[in-house]
Amino acid sequence: MIGSSTPTLKIWSYVLSGVGILTMLLGFLGCLGSLKEIKCLLGFYFAFLLLLFAAQITVGVLVYTQRSSLNAAVGKYVENIIKNYGIVTNQTELQEGLDFAQEQMSCCGWIAPEDWRRNQKISENSSVNLYPCSCRNLSSYHSNSNINGTGNDTDTSEPLPEQRSGFCTTTSRDNWPVYKTGCMNSIQTFIMNNFICIIGVCIGIALLELFVMTLSMCLCRNLDQNYNKLARYS
């Protein structure tokens with residue numbers, strides 16, 4: 001499947017790249033301010049860290065309080081990708097991401113594998129029984145299944161095909177050889193299993209930011225009030 005890049009992914013890549021560059025620049029200015037004893041740079045660095053800390057807390061509170069709405073929005077987004085999978089060519093990156101997530105997390109669809117029955121290719125194709133290859137559960141792979149377009153039956157005694165995207169075919173229309181768990185449940189299970197680690201990382205980052213903010217403010221306050229280092233470089 002060949003298609004143009006998704007505008008949304010491009011925008012987010014630019015945003016994240018800009019944030020990373022800005023963070024590195026401000027970190028450099030903070031180091032420069034502490035080494036050269038430039039008060040305004042230390043104050044600017046402290047203000048940026050304070051703003052970043054407040055933004056992280058705000059995002060965390062919004063995600064927790066709006067988790068139901070967020071879950072519904074993500075669900076609609078994924079279901080739209082599933083519905084247009086193999087049809088809309090400008091969603092290539094999103095479809096590849098969905099394939100990767102389903103394969104790595106051993107899941108199929110957002111709520112359940114039945115989400116894929118809304119896909120236009122699967123629902124409109126009555127002559128061939130299609131299912132998503134990335135959902136394939138090797139332990140329940142049917143002995144008479146074959147890859148779409150090959151025209152050759154594949155026996156389970158032979159090595160299974162390596163196709164991990166697109167559509168495969170099966171002899172049964174109602175019993176696909178796929179994972180039975182939706183990706184929403186897999187994600188929730190992953191978060192719950194790693195909840196302590198996630199909270200620990202968040203607390204560690206927050207404490208590190210507080211420590212750096214305190215250090216920068218102490219350095220700024222301990223500099224000579226009447227000593228302006230900026231004049232030296234003007």
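Since we're looking at a predicted model, the values are computed, not measured.
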Would you compute the distance between atom [atom1] of [X] and atom [atom2] of [Y] and round it to the nearest 0.5 angstrom?
| X | Y | atom1 | atom2 | result |
| --- | --- | --- | --- | --- |
| L219 | F46 | CG | CZ | 12.0 Å |
| S123 | K83 | OG | NZ | 9.0 Å |
| L32 | Y45 | CG | OH | 12.5 Å |
| Y85 | D99 | OH | CG | 3.0 Å |
| K121 | I87 | NZ | CD1 | 5.5 Å |
| L210 | I203 | CG | CD1 | 11.5 Å |

**OP:** Output, in order, the C-alpha distance, side-chain angles, deciding distance and verdict of side chain to side chain contact (heavy atoms under 4.5 Å, CB included) for K76 and W110.
**Re:** CA-CA 9 Å; K76 288 184 178 180; W110 179 245; over 6 Å; no
Subject >> L208 CG: over 12 foreign heavy atoms closer than 6.0 Å >> reply: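 More than 12 heavy atoms, drawn from other residues, nucleotides or ligands, come within 6.0 Å of this atom.
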Subject >> Pairs touching residues 102-116 that satisfy salt bridge (Lys or Arg N to Asp or Glu O under 4.0 Å), sequence neighbours left out >> reply: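 Of all non-adjacent pairs touching residues 102-116, those that pass salt bridge (Lys or Arg N to Asp or Glu O under 4.0 Å) are E103-R164, D115-R118.
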**OP:** Quick one: list whatever passes side-chain hydrogen bond (donor to acceptor under 3.5 Å, both in side chains) with N129, sequence neighbours left out.
**Re:**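 Checked N129 against side-chain hydrogen bond (donor to acceptor under 3.5 Å, both in side chains); matches are R173.
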**OP:** Keeping the roles fixed (side chain from Q102, backbone from G109), state whether a donor-acceptor pair exists under 3.5 Å.
**Re:**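 Side chain of Q102 to backbone of G109: a pair is present.
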**OP:** Evaluate the side-chain proximity of T189 to M192: yes if any heavy-atom separation is below 4.5 Å, no if none is.
**Re:**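 No, every pair of side-chain atoms sits at 4.5 Å or beyond.
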**OP:** Could you check C183 against C107 for disulfide bond (SG atoms under 2.5 Å apart), going step by step and ending with a plain yes or no?
**Re:** CA-CA 5 Å; C183 291; C107 60; 2.1 Å; yes
Subject >> Verdict with reasoning, C135 to W176, per side chain to side chain contact (heavy atoms under 4.5 Å, CB included) >> reply: CA-CA 9 Å; C135 286; W176 291 347; over 6 Å; no
Original post:
Is there a path from V74 to V59 through hydrophobic residues (I, L, V, M, F, W, Y) whose side chains come within less than 4.5 Å of each other?
Top reply: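 In one cluster: yes.
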Subject >> side chain to side chain contact (heavy atoms under 4.5 Å, CB included) evaluation trace for N119 with F167 >> reply: CA-CA 11 Å; N119 178 268; F167 295 102; 3.4 Å; yes
